[in-house]
Amino acid sequence: MGKKVISLSLSEKTVKRLDEASAALGMSRSELIEYMIEKGWHFPKEIEDTIRKISKLQIKAKAKLKEMK
């Protein structure tokens with residue numbers, strides 16, 4: 001799977017902590033942030049289902065708007 005560049009704003013204090021932790025672990029900032037998200041991204045099944053439903057509704061709404069043009 002490919003990677004995608006995103007922009008992220010963090011406080012100076014957080015960046016310092018990120019730099020220290022990533023250096024100590026021998027990881028890049030991106031690797032550490034991705035690891036932290038993957039390990040900490042735990043929502044209850046109900047929330048995950050709701051997120052998927054919202055995403056599907058957004059896709060349908062966008063499609064309907066395009067049809068109206």
S.K.: Show the nearest heavy-atom pair for residues Ser22 and Leu32, with the distance to one decimal.
M.R.: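 Smallest heavy-atom distance, with atoms named: N-CD2, 3.6 Å.
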S.K.: Answer with yes or no whether the hydrophobic clustering places Ile6 together with Ile37; edges join I, L, V, M, F, W, Y residues whose side-chain heavy atoms lie under 4.5 Å apart.
M.R.: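 No, Ile6 does not connect to Ile37 through the hydrophobic network.
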S.K.: Quick one: salt bridge (Lys or Arg N to Asp or Glu O under 4.0 Å) partners of Lys64, sequence neighbours excluded?
M.R.: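 With neighbours one apart ignored, the set is empty.
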S.K.: Within this structure, what is the CD1-NZ distance for the pair Ile54 and Lys56, rounded to the nearest 0.5 Å?
M.R.: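 The CD1 atom of Ile54 sits 12.5 Å away from the NZ atom of Lys56.
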S.K.: So if you build clusters from Ile, Leu, Val, Met, Phe, Trp, Tyr with side-chain heavy-atom gaps below 4.5 Å, do Met27 and Leu8 land together?
M.R.: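 Same cluster.
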S.K.: Answer yes or no: does atom CE of Met36 have more than 12 heavy-atom neighbours from other residues, nucleotides or ligands under 6.0 Å?
M.R.: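 Atom CE in Met36 is not crowded, with 12 or fewer foreign heavy atoms closer than 6.0 Å.
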S.K.: Please list all pairs meeting side-chain hydrogen bond (donor to acceptor under 3.5 Å, both in side chains) that have one or both residues in residues 35-52, counting only residues at least two apart or in different chains.
M.R.: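 Every side-chain hydrogen bond (donor to acceptor under 3.5 Å, both in side chains) pair that includes a residue of residues 35-52, provided the two are not neighbours, is Lys45-Asp49, Asp49-Arg52.
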S.K.: To the nearest 0.5 angstrom, please state how far the CD atom of Glu12 sits from the CG atom of Asp19.
M.R.: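 Reported value, rounded in 0.5 Å steps: 11.0 Å.
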S.K.: Give, for atom CG of Leu10 and atom CD1 of Ile33, the distance between the pair rounded to the nearest 0.5 Å.
M.R.: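 Separation between the atoms: 6.0 Å.
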